[in-house]
Engineer: 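Before I ask anything, let me first share the structure, which is written out below as structure tokens.
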Amino acid sequence: AQRHVERLLRHPDVLKKWRDGMQAYSDGGQPASVPLKAVLVDMPARASTCQPCDLLPSAFAACIADPSHVFPNGPPEQSSATTAARTSDDYLDITARGLQCGKLRLRRVVAASADIFARVKASGKQRELWNGHDISLAAQRPPKPRRLASPSALLDLITEPGMPIFYSKRDLACCFDTLEAPKALQPFFGRPPVVAHDFATRAGLALDDLHQYIDGDGPDDLTGSTVLFPVSTCWPQGFAWSSCVAQETSLHICAQAGIVEDRILSVDHIVPEDLSEAAAVCTDDILLFDADLHIGQRRAAALDEKFGEAGLVVNHAKDVDQALEMTGLGCEFSNSPAKIEPDSLRTARSLAAALALSTDICATRDAVHSLLGVMQWSCLLQRGVYSCFDACYGFVDHEQRDVAVEVPPDVASELLAAAFLQPLLVADFERQWLPEVTACDASGSYGFGVSYAHLPVDQVAAFGRYAHKRGDYIRLFPDEGDPVEKARLGVPRRLPISHRHFRHAISARAQWKAHSSVLEAHGLALAVRWRARQHKAHHKRLLLLVDAQAIIGCAVKGRTSAKAVRAPLRTFAATCMAADILARILYIPSESNPADEPSRGIKRRRSELGGQRVRTSKSRLGTPSDRRHATMANRAQYLWSA
């Protein structure tokens, strides 16, 4: 909390004007209808310098180059608002600048057109955006960008206590403006037209000079009243497919620079085994995390070289080279200890806005939605804080979004609660794995059960890599008398321990009747609360085994619409944050769950409990060392044959 206050005090002006905190989020955080100023709009010196179709896999390149695949139902219907000629000086100046750098071409006829608008950048410059919402809806849904970075993906970074992480970052300048779009798709990226005479006069060109900028079929003669549509030669920022193309291009450049794709962190992929050289790619931002300073220098230099060869321009003013501190993805990275936390300016602004809402002020739903989005992005470092939000979703989901209304008290209190929890939105990379596996279960016939077993920390870390990944689940080493394993979809990951190695920590009768999912959620909260009572589990990564996939989904997302499940989910989240536990949950089928027995009230004899004295004859099993080596050999042989 003290560190959080120190970070907030970096921005005293924001805190002093907290009563006006919602102004920073009015109209979605940035004015959506900023008047276009041609002199303020960023333009590259040369546009469309990179040809993604030459870099991407052939199947994907053929897909994006085929209009019938991107627009299987044909071009969308155009509105009169985007087909009426524009005559404003700023619009004509922007069009002229786009033609000069190669970002735009002119056409007499286009397949689709959309308006443009501007957003103010932090530097005071304007970012030109193409309003391609309707055209994107008419297009086929693009594939999900692969290995897209987010703060959640970076939680899996781990380093030894006291060992620094060297941070590097590369940010592409005008990324979308440098990615050339296929010729066949360019007619779909039209803009409001201009009249030839007005445009030529404003651009200082003769009417005949416009011929060099005109593409497509049409009559050769050009009159002053001819209407011409500017079209983008690059992938416009505002079209649904553009982000996917940019992400694939960045991934290709990383591969060319020697960055192995398996080491690019993503919530959808298995965590790499070696995290000494990790990376994160978010469209035009590439972040590098290195344990070795010299390796980080080589990787950053290789990236610069490959970006130049591909025709992409790096904004070197934003370069970070092997630093101990860095800002990226809306977060701050630092060392001593190595950690990630939300950006301090965003944190101060969201706190000021939440305090302002608590004074019963009026605000638009768009402004509240923008504040909610900023808070949710920060909450990706602690997904459990999502369970604070409930009434907010219903409030912002309304047709009249731009009308100032009184914010309900429950909405304001949820936002204020999330703002007050921000000191806990810190993820420490030095948290190590607890060398134990914890399983929990719940049964309607009896109650709750929690079991645990010791496991070497390197094996816990190896299985923890598969946590929260679709298709992976846990099996135990088979033992005589175990229940028959049912066939499951996905990839089984078999622990080198069996049921008898687990000790039962809790076998408690439920005091009420409830739905199985509600009981499973309470069982998960009970397991974490039991672990939090042990000092050795504090500031650790905890591997949990749960046999209810619905509850795993709720816990991983951090929220649920089921009110009965939300309460234990909040308990689970609060306990993890209070004890600084990073819970990593894996699915284990019910027949393999070692906590199934205690959840049904089944007691095992002392001689059946693994890890304790087993009273058997030495003449039959040999010395303890012999028994241990024989058991390990049997497991190794079984796993090898499997």
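In what follows, residues are counted from 1 in the order of the sequence shown.
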Engineer: Answer yes or no: is there a donor N or O on one side and an acceptor on the other, between the side chain of Lys169 and the main chain of Asp285, under 3.5 Å?
Structural biologist: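 No, Lys169 side chain to Asp285 backbone: no donor-acceptor pair under 3.5 Å.
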Engineer: With a sphere of 6.0 Å drawn around CZ of Arg465, does it hold more than 12 non-hydrogen atoms of other residues, nucleotides or ligands?
Structural biologist: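 Counting neighbours around CZ of Arg465, more than 12 heavy atoms of other residues, nucleotides or ligands fall under 6.0 Å, so yes.
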Engineer: For Arg147 and Asp262, what are the C-alpha separation, side-chain angles and deciding distance, and is it a salt bridge (Lys or Arg N to Asp or Glu O under 4.0 Å)?
Structural biologist: CA-CA 9 Å; Arg147 295 191 178 271; Asp262 288 342; 3.6 Å; yes
Engineer: Do the side chains of Tyr393 and Arg559 get nearer than 4.5 Å, heavy atoms only?
Structural biologist: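 SC-SC contact between Arg559 and Tyr393 confirmed.
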Engineer: On the 0 to 90° scale, with breaks at 30° and 60°, tag the Trp512-His522 ring pair as parallel, tilted or perpendicular.
Structural biologist: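 Trp512 and His522: perpendicular rings.
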Engineer: Can you find a side-chain donor-acceptor pair between Glu341 and Thr347 that sits under 3.5 Å?
Structural biologist: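 Side chains of Glu341 and Thr347: no pair found under 3.5 Å.
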Engineer: Testing Leu155, Leu582, Ile581 one by one against Arg541 for a side chain to side chain contact (heavy atoms under 4.5 Å, CB included), which residue passes?
Structural biologist: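 Only one option passes, and that is Leu582.
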Engineer: So with a 6.0 Å cut-off around CZ of Arg531, is the heavy-atom count from everything else above 12?
Structural biologist: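 Yes.
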Engineer: Would you say the side chain of Leu265 lies within less than 4.5 Å of the side chain of Pro272, judging by non-hydrogen atoms?
Structural biologist: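 Yes, close enough: below the 4.5 Å cut-off.
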Engineer: Would you check, one step at a time, whether the test side-chain contact (heavy atoms from CB on, under 4.5 Å) holds for Asp580 with His538?
Structural biologist: CA-CA 6 Å; Asp580 194 20; His538 292 192; over 6 Å; no
Engineer: Are any of the side-chain heavy atoms of Leu416 and Leu357 separated by less than 4.5 Å?
Structural biologist: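 Not in contact.
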Engineer: May I ask you to check whether Phe429 and Phe289 place their ring centres under 6.0 Å from each other?
Structural biologist: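 When the ring centroids of Phe289 and Phe429 are compared, they turn out to be at least 6.0 Å apart.
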Engineer: Enter the distance from Leu345:CG to His11:NE2 here, rounded to the nearest 0.5 Å.
Structural biologist: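 Separation between the atoms: 5.0 Å.
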Engineer: Do Glu597 side-chain atoms and Ile602 backbone N/O form a donor-acceptor pair below 3.5 Å?
Structural biologist: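 A pair under 3.5 Å: no.
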Engineer: Start with the C-alpha gap between Trp18 and Leu351, add the side-chain angles, then the distance that decides, and say whether side-chain contact (heavy atoms from CB on, under 4.5 Å) holds.
Structural biologist: CA-CA 8 Å; Trp18 65 270; Leu351 175 61; over 6 Å; no
Engineer: Strictly distance-based, threshold 3.5 Å: is any side-chain N or O of Ser358 a donor or acceptor partner for the main-chain N or O of Leu355?
Structural biologist: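 It does hold such a pair.
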Engineer: Are the side chain of Ser152 and the backbone N or O of Leu380 linked by a donor-acceptor pair below 3.5 Å?
Structural biologist: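 Checking the backbone N and O of Leu380 against the side chain of Ser152, a donor-acceptor pair under 3.5 Å is found.
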Engineer: Evaluate side-chain contact (heavy atoms from CB on, under 4.5 Å) for Val405 paired with Arg365, printing each intermediate quantity in order.
Structural biologist: CA-CA 8 Å; Val405 296; Arg365 288 182 169 84; 3.8 Å; yes
Engineer: Say whether Arg346 and Ser378, considering side chains only, have a donor N or O and an acceptor N or O under 3.5 Å apart.
Structural biologist: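 Absent: no donor and acceptor within the cut-off.
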Engineer: Any side-chain heavy atom of Leu415 sitting closer than 4.5 Å to one from Cys392?
Structural biologist: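 A side-chain contact under 4.5 Å exists here.
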Engineer: Do Asn335 and Phe166 touch side chain to side chain, with heavy atoms closer than 4.5 Å?
Structural biologist: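 Not touching, per the 4.5 Å side-chain cut-off.
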Engineer: If you take all heavy atoms of Leu148 and Cys282, which pair is closest and at what distance?
Structural biologist: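 Leu148 and Cys282 have their closest heavy atoms at CD1-CA, 4.0 Å.
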Engineer: So which of Glu332, Gln422, Gln2 actually passes side-chain hydrogen bond (donor to acceptor under 3.5 Å, both in side chains) with Arg7?
Structural biologist: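 Filter result, single survivor: Glu332.
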Engineer: Using side-chain heavy atoms (C-beta onward) and a distance below 4.5 Å, is Pro496 in contact with Leu455?
Structural biologist: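 A side-chain contact under 4.5 Å exists here.
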Engineer: Flag the pair Asp441 and Arg600 as a salt bridge only when some basic side-chain nitrogen lies within less than 4.0 angstrom of an acidic carboxylate oxygen.
Structural biologist: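 A salt bridge is absent here (no side-chain N lies under 4.0 Å from a carboxylate O).
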Engineer: Quick one: do the Asp274 and Ser276 side chains pair a donor with an acceptor below 3.5 Å?
Structural biologist: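 Present: a donor and an acceptor within the cut-off.
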Engineer: Out of Arg503, Glu436, His501, which residue meets the side-chain hydrogen bond (donor to acceptor under 3.5 Å, both in side chains) rule with His454?
Structural biologist: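 The option that passes is Glu436.
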Engineer: Give me the atom names and distance for the closest heavy-atom approach of Pro423 to Phe420.
Structural biologist: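 Heavy atoms of Pro423 and Phe420 come nearest at CD-O, 3.2 Å.
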Engineer: So Lys486 and Pro589, do their side chains get closer than 4.5 Å, heavy atoms only?
Structural biologist: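 Not touching, per the 4.5 Å side-chain cut-off.
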Engineer: Can any side-chain N or O of Ser370 pair as donor or acceptor with the backbone N or O of Asp366 at less than 3.5 Å?
Structural biologist: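 No: the side chain of Ser370 does not pair with the backbone of Asp366.
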Engineer: Determine the minimum heavy-atom distance between Tyr25 and Ser350, stating which atoms define it.
Structural biologist: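 Shortest heavy-atom contact: OH-N, 3.3 Å.
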Engineer: Would you find a donor on one side and an acceptor on the other, under 3.5 Å apart, between the side chain of Lys339 and the backbone of Pro337?
Structural biologist: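 Checking the backbone N and O of Pro337 against the side chain of Lys339, a donor-acceptor pair under 3.5 Å is found.
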Engineer: Please verify the inter-ring angle class for Tyr386 with Phe389; under 30° counts as parallel, over 60° as perpendicular, anything in between as tilted.
Structural biologist: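 Perpendicular.
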Engineer: Rounded to the nearest 0.5 Å, what separation is found between the CD atom of Gln400 and the OG1 atom of Thr364?
Structural biologist: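 If we round to the nearest 0.5 Å, Gln400:CD and Thr364:OG1 are 12.0 Å apart.
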Engineer: Nearest 0.5 angstrom please: Cys362 SG to Glu406 CD, how far?
Structural biologist: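 Separation between the atoms: 6.0 Å.
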Engineer: To the nearest 0.5 Å, what is the distance between OG (Ser599) and CG (Asn593)?
Structural biologist: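 Taking OG in Ser599 and CG in Asn593, the distance rounds to 7.5 Å.
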Engineer: Under 3.5 Å, side chain of Gln549 to main-chain N/O of Asp547, donor-acceptor pair present?
Structural biologist: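 No, because the side chain of Gln549 does not come within donor-acceptor range (under 3.5 Å) of the backbone of Asp547.
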Engineer: Give a yes or no answer on whether the side chain of Ser451 reaches the backbone of Ala439 with a donor-acceptor pair at less than 3.5 Å.
Structural biologist: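 Absent.
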Engineer: Before giving the answer on salt bridge (Lys or Arg N to Asp or Glu O under 4.0 Å), spell out for Asp390 and Lys563 the whole-Å C-alpha distance, their side-chain angles and the decisive distance to 0.1 Å.
Structural biologist: CA-CA 9 Å; Asp390 179 33; Lys563 293 183 179 181; 5.5 Å; no
Engineer: Side chains of Arg19 and Thr359, heavy atoms from C-beta outward: is any pair under 4.5 Å?
Structural biologist: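 Yes - at least one pair of side-chain heavy atoms lies under 4.5 Å apart.
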Engineer: Between Trp377 and Leu329, is there a donor-acceptor pair closer than 3.5 Å when you use the side chain of the first and the backbone of the second?
Structural biologist: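 Yes, because the side chain of Trp377 sits within donor-acceptor range (under 3.5 Å) of the backbone of Leu329.
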Engineer: Can you check whether Leu476's main-chain N or O pairs, donor with acceptor, with Arg494's side chain at less than 3.5 Å?
Structural biologist: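 Checked: pair present.
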Engineer: Enter the distance from Phe395:CZ to Asp410:CG here, rounded to the nearest 0.5 Å.
Structural biologist: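 Going from the CZ atom of Phe395 to the CG atom of Asp410 covers 9.5 Å.
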Engineer: Please give me the minimum heavy-atom distance between Val267 and Ala153, naming the atom from each residue.
Structural biologist: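 Here Val267 and Ala153 meet closest at CG1-N, 3.6 Å.
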Engineer: Might you point out which heavy atoms bring Glu520 and Ile551 nearest each other, and give the distance in Å?
Structural biologist: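 Minimum heavy-atom separation between Glu520 and Ile551: CB-CG1, 3.7 Å.
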Engineer: side-chain contact (heavy atoms from CB on, under 4.5 Å) between Asp596 and Glu591: does it pass, once the steps are laid out?
Structural biologist: CA-CA 8 Å; Asp596 182 71; Glu591 65 271 15; over 6 Å; no
Engineer: Thr159 and Gln432: which non-hydrogen atoms are nearest, and at how many Å?
Structural biologist: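 Smallest heavy-atom distance, with atoms named: O-NE2, 2.8 Å.
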Engineer: Calculate, to the nearest 0.5 Å, the distance between atoms CG and SG belonging to Leu424 and Cys576 respectively.
Structural biologist: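 If we round to the nearest 0.5 Å, Leu424:CG and Cys576:SG are 11.5 Å apart.
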